[in-house]
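Notes to accompany the following structure.
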There are 2 protein chains.
Amino acid sequence: MAKLAGVSSRTVSNVVNGYANVTERTRARVQQAVDQLGYRPNVLARNLASGRSGQIAVVVPYLDTPYFSELLQGIIRAARVQGYNVLIDQTDGDPEHERMLINHGSSRLLFDGVIFSPLGLSQEALADRDPDLPLVILGERVSDGRFDHVGIDDVTASRQATEHLLDLGRTRLAAIGDQPYATGECAQLRTRGFREAHERRGLPVHEDLIVHTPRFTRPDGAQAMAHLLDRDDPPDAVFCYSDLVALGAIHTLIARGLRVPEDVAVIGYDDIEDGRYSNPSVTTISPDKEMIATTAVERLLLRIGSTTPPPGLEVRAPHRLIVRESTAGSRASVSAQHG
Amino acid sequence: MAKLAGVSSRTVSNVVNGYANVTERTRARVQQAVDQLGYRPNVLARNLASGRSGQIAVVVPYLDTPYFSELLQGIIRAARVQGYNVLIDQTDGDPEHERMLINHGSSRLLFDGVIFSPLGLSQEALADRDPDLPLVILGERVSDGRFDHVGIDDVTASRQATEHLLDLGRTRLAAIGDQPYATGECAQLRTRGFREAHERRGLPVHEDLIVHTPRFTRPDGAQAMAHLLDRDDPPDAVFCYSDLVALGAIHTLIARGLRVPEDVAVIGYDDIEDGRYSNPSVTTISPDKEMIATTAVERLLLRIGSTTPPPGLEVRAPHRLIVRESTAGSRASVSAQHG
DNA sequence: TTGAAAGCGCTAACAC
DNA sequence: GTGTTAGCGCTTTCAA
């Protein structure tokens with residue numbers, strides 16, 4: 001024991017953990033011993049004794065989705081600053097896997113809390129989860145008071161995206177990405193924003209131009225767009241529920257010899273890097289990822305630290321509309337509005 | 001203790017861990033007790049006692065690089081099958097951070113081994129690392145016998161990419177991504193392949209068309225391409241050291257009103273999804289990511305499991321050339337050659 | 001303010 | 001094959 005090299009046990013713990021009640025002299029003495037012996041506390045032992053693992057889990061549906069990997073970066077950074085490690089888990093949107101993770105998951109104890117971006121998980125599954133597991137939800141789901149929720153205002157953002165398309169003078173707006181079933185809450189909020197924009201202008205929604213997709217990937221976008229173009233009366237603007245979908249849609253448009261945005265304007269969602277360098281670059285809704293990440297970590301650690309769980313907080317992160325070539329053409333400039 | 005509900009301690013451990021020497025009857029009895037009490041072994045305690053954490057770390061320079069996030073998926077999957085959790089760490093290519101992780105890193109004990117994709121780390125730093133840490137290196141660096149190395153044959157792949165460009169009848173080939181300094185080994189191997197292709201055909205290398213970039217990102221590609229186009233005698237084909245670079249380069253080309261591939265053919269490297277849906281889609285070198293991931297995990301676990309470290313293995317993963325629109329135009333089809 | 005000692009819940013060497 | 005027992009290296013009451 002390192003403590004032999006000066007004083008004794010309990011004090012070392014105090015010093016290493018930076019507790020208050022230690023004489024300056026003692027602290028110095030211990031510190032010196034620590035340095036000299038190159039002592040490093042054993043994380044495992046500490047974890048066992050304290051009952052905490054010093055790790056948080058981040059659960060996302062798909063790791064190779066740029067939106068998530070960009071978000072993850074911020075989370076990892078924020079967690080590390082607080083001395084926490086991040087465990088990453090991918091669910092592939094599998095409801096069973098998601099449920100397992102927030103229930104009496106086998107790996108409970110491996111992490112002290114979870115930042116969770118659910119996809120397939122229903123409200124009910126969320127409800128009967130392990131009540132002792134500190135939890136922060138990302139995305140669209142609204143807090144039931146027992147966890148925190150961080151996300152942008154999807155409805156407003158979607159409305160603004162749609163209004164941008166209408167402002168361009170387009171009249172036949174399509175929407176790609178609706179998911180009119182239990183696990184598609186996120187998509188449904190965006191559809192609601194799409195509708196609201198029309199309502200505010202007193203314009204009719206072209207119901208048949210709302211296309212469903214199983215996911216928000218490039219292939220989904222490409223296929224949906226092809227579907228739309230096969231119609232008698234194709235759209236002149238498309239609101240895509242992710243930048244990936246937009247990228248896929250644009251791919252199809254160009255492959256069919258159409259011009260973006262002259263023939264069809266396209267707007268995406270997420271502001272991933274791909275959309276900044278694509279041809280054309282993609283107009284998009286840009287959520288403040290940095291703030292989402294920071295807030296999520298902050299809230300989770302607060303939750304982990306408290307014995308009496310704080311009330312569930314509803315955090316609205318800001319977003320902006322970023323106009324690029326896919327709606328503005330080559331003269332694209334940036335306009336911003338905070339949500 | 002769950003053991004009260006039947007027999008006793010040590011046996012439980014045996015059963016739970018699936019060891020051999022247990023009577024069928026005993027096993028059943030224990031199993032029943034386990035089920036009944038809803039017993040779950042405490043991972044932390046197990047880790048402390050066994051000295052192993054059941055976690056492996058994967059260290060990559062940048063998490064939001066599609067190549068890495070695609071690779072990570074495979075690694076996570078493979079590790080999970082073996083009952084291992086994956087801890088992800090991002091170094092931002094910071095040599096100091098990288099060195100720390102493979103030395104007496106503070107978080108040693110948190111993971112049993114590391115799969116490492118180094119960037120800034122010099123050969124020397126690698127040499128004086130913690131010799132007890134099981135290590136598998138991804139990418140270009142060749143094994144010194146004390147760790148395993150998994151990667152494709154960069155020189156051959158790069159030569160094939162270049163030959164593909166020459167086969168198109170192009171004569172002024174540029175290369176974007178060289179890094180002629182200590183930490184740019186990966187880039188240098190690709191440059192070597194680029195040269196070899198010219199040599200084999202008895203063609204001169206246009207030295208002034210080899211452009212250096214600090215990283216392999218879209219902005220790097222975009223900028224380098226702009227630089228090339230500002231020359232008196234621009235290239236008619238470009239070998240980009242990553243798909244992201246290619247995407248950036250194409251962005252610039254199109255912005256300048258040039259046609260890809262008619263005016264300039266572009267080939268990338270990595271086969272990320274972005275390149276399959278971009279306009280034009282990107283011809284590329286496709287490494288077998290699945291195999292790289294599986295092999296890396298397999299070798300690492302083997303290393304973790306052995307008391308006497310196995311000799312460092314050099315694993316060559318296969319790759320293929322995938323021809324798409326950025327070199328073949330809209331009639332792009334797929335040709336494959338294994339490396 | 002600091003020492004002593006009792007675990008945290010498991011694994012593994014050692015006997016039976 | 002299975003029970004006994006001694007730690008793994010820390011945190012944390014409890015005294016002093």
Side-chain angles (χ1 to χ4, degrees), chain A residues 1-34 37-55 83-85 104-112 132 304-305 307, chain B residues 1-34 36-55 83-85 104-112 132 304-307:
Chain A
M1 298 214 170
K3 41 207 94 152
L4 295 186
V7 276
S8 65
S9 166
R10 147 74 179 280
T11 314
V12 175
S13 182
N14 281 340
V15 172
V16 172
N17 293 294
Y19 286 151
N21 293 339
V22 188
T23 323
E24 202 42 62
R25 269 198 60 210
T26 321
R27 177 185 305 284
R29 211 147 35 116
V30 174
Q31 191 56 54
Q32 193 192 339
V34 164
L37 276 69
Y39 168 80
R40 331 200 110 284
N42 180 318
V43 192
L44 258 31
R46 168 179 303 179
N47 292 348
L48 177 58
S50 66
R52 311 206 292 98
S53 70
Q55 302 194 85
Y84 270 78
N85 249 302
H104 335 283
S106 60
S107 45
R108 181 74 173 89
L109 277 184
L110 248 179
F111 41 81
D112 300 332
D132 292 331
I304 291 173
T307 40
Chain B
M1 300 215 169
K3 42 206 94 152
L4 296 185
V7 275
S8 66
S9 167
R10 148 73 181 280
T11 313
V12 174
S13 182
N14 281 341
V15 171
V16 173
N17 294 296
Y19 286 149
N21 293 338
V22 187
T23 323
E24 203 42 63
R25 270 198 58 210
T26 321
R27 177 186 304 284
R29 211 147 33 116
V30 174
Q31 191 57 53
Q32 193 192 340
V34 165
Q36 190 175 331
L37 276 68
Y39 167 80
R40 332 199 111 285
N42 180 320
V43 192
L44 260 30
R46 167 180 304 179
N47 292 348
L48 177 58
S50 66
R52 310 205 293 98
S53 70
Q55 302 195 86
Y84 270 78
N85 249 303
H104 336 282
S106 61
S107 46
R108 181 76 173 88
L109 277 184
L110 249 179
F111 41 82
D112 300 331
D132 293 330
I304 291 173
S306 353
T307 40

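The model shown is predicted, which means the values in this text are computed figures rather than measured ones. A, B, ... follow the sequence lines: proteins, then strands. Residue 1 opens every chain.
- Distance check, rounded to the nearest 0.5 Å: CD of A:Glu24 to OG1 of A:Thr26 gives 8.5 Å.
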Check your understanding: Please walk me through it: do B:Val16 and B:Arg46 pass side chain to side chain contact (heavy atoms under 4.5 Å, CB included)?
Key -> CA-CA 11 Å; B:Val16 173; B:Arg46 167 180 304 179; 3.6 Å; yes
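- Distance from the side chain of A:Thr23 is smallest to C:dT2 among D:dG9, D:dT11, C:dT2.
- Listed by first residue number, the stems of DNA chain D with at least three Watson-Crick or G-U pairs below 3.5 Å are C:1-16 with D:1-16.
- Under the side-chain hydrogen bond (donor to acceptor under 3.5 Å, both in side chains) criterion, B:Ser13 pairs with B:Asn17, sequence neighbours left out.
- Across the protein-nucleic acid pair, B:Asn14 atom CG and C:dT11 atom C1' stand 10 Å apart, rounded to whole Å.
- Taking the side chain of B:Ser50 as heavy atoms from C-beta on, and the options C:dC10, C:dT11, C:dT1, the nearest nucleotide is C:dT11.
- Side-chain proximity of B:Thr26 to C:dT1, D:dC10, D:dT2: nearest is D:dT2.
- Looking at the side chain of A:Arg46, the nearest of the listed nucleotides C:dG9, D:dT2, D:dC10 is D:dC10.
- Rounded to a whole Å, the CG atom of B:Asn47 is 13 Å from the P atom of D:dG9.
- Two residues are said to be in side-chain contact when any heavy atoms from C-beta on lie closer than 4.5 Å; A:Val15 and A:Val34 fail this criterion.
- Atom CZ in B:Arg52 sits about 14 Å away from atom C1' in C:dC10, given to the nearest Å.
- Nearest nucleotide to the side chain of A:Pro41, out of D:dC10, C:dC10, D:dG1: D:dC10.
- Rounding to whole angstrom units, CZ of residue A:Arg29 and C1' of C:dT1 are separated by 12 Å.
- The 5' end of DNA chain D is approached more closely, in terms of each residue's nearest nucleotide, by B:Arg25 than by the other of B:Leu48 and B:Arg25.
- Closest-nucleotide positions on DNA chain D for B:Thr11 and B:Ala49 were compared, and the one nearer the 5' end corresponds to B:Thr11.
- Interatomic distance, B:Asp112 CG to B:Asn47 CG, rounded to the nearest 0.5 Å: 7.5 Å.
- With hydrogens and angles disregarded, a donor-acceptor distance shorter than 3.5 Å links the side chain of B:Ser53 to the backbone of B:Gln55.
- We find that CG of A:Asn42 is positioned 17 Å from P of D:dG7, with the value rounded to whole Å.
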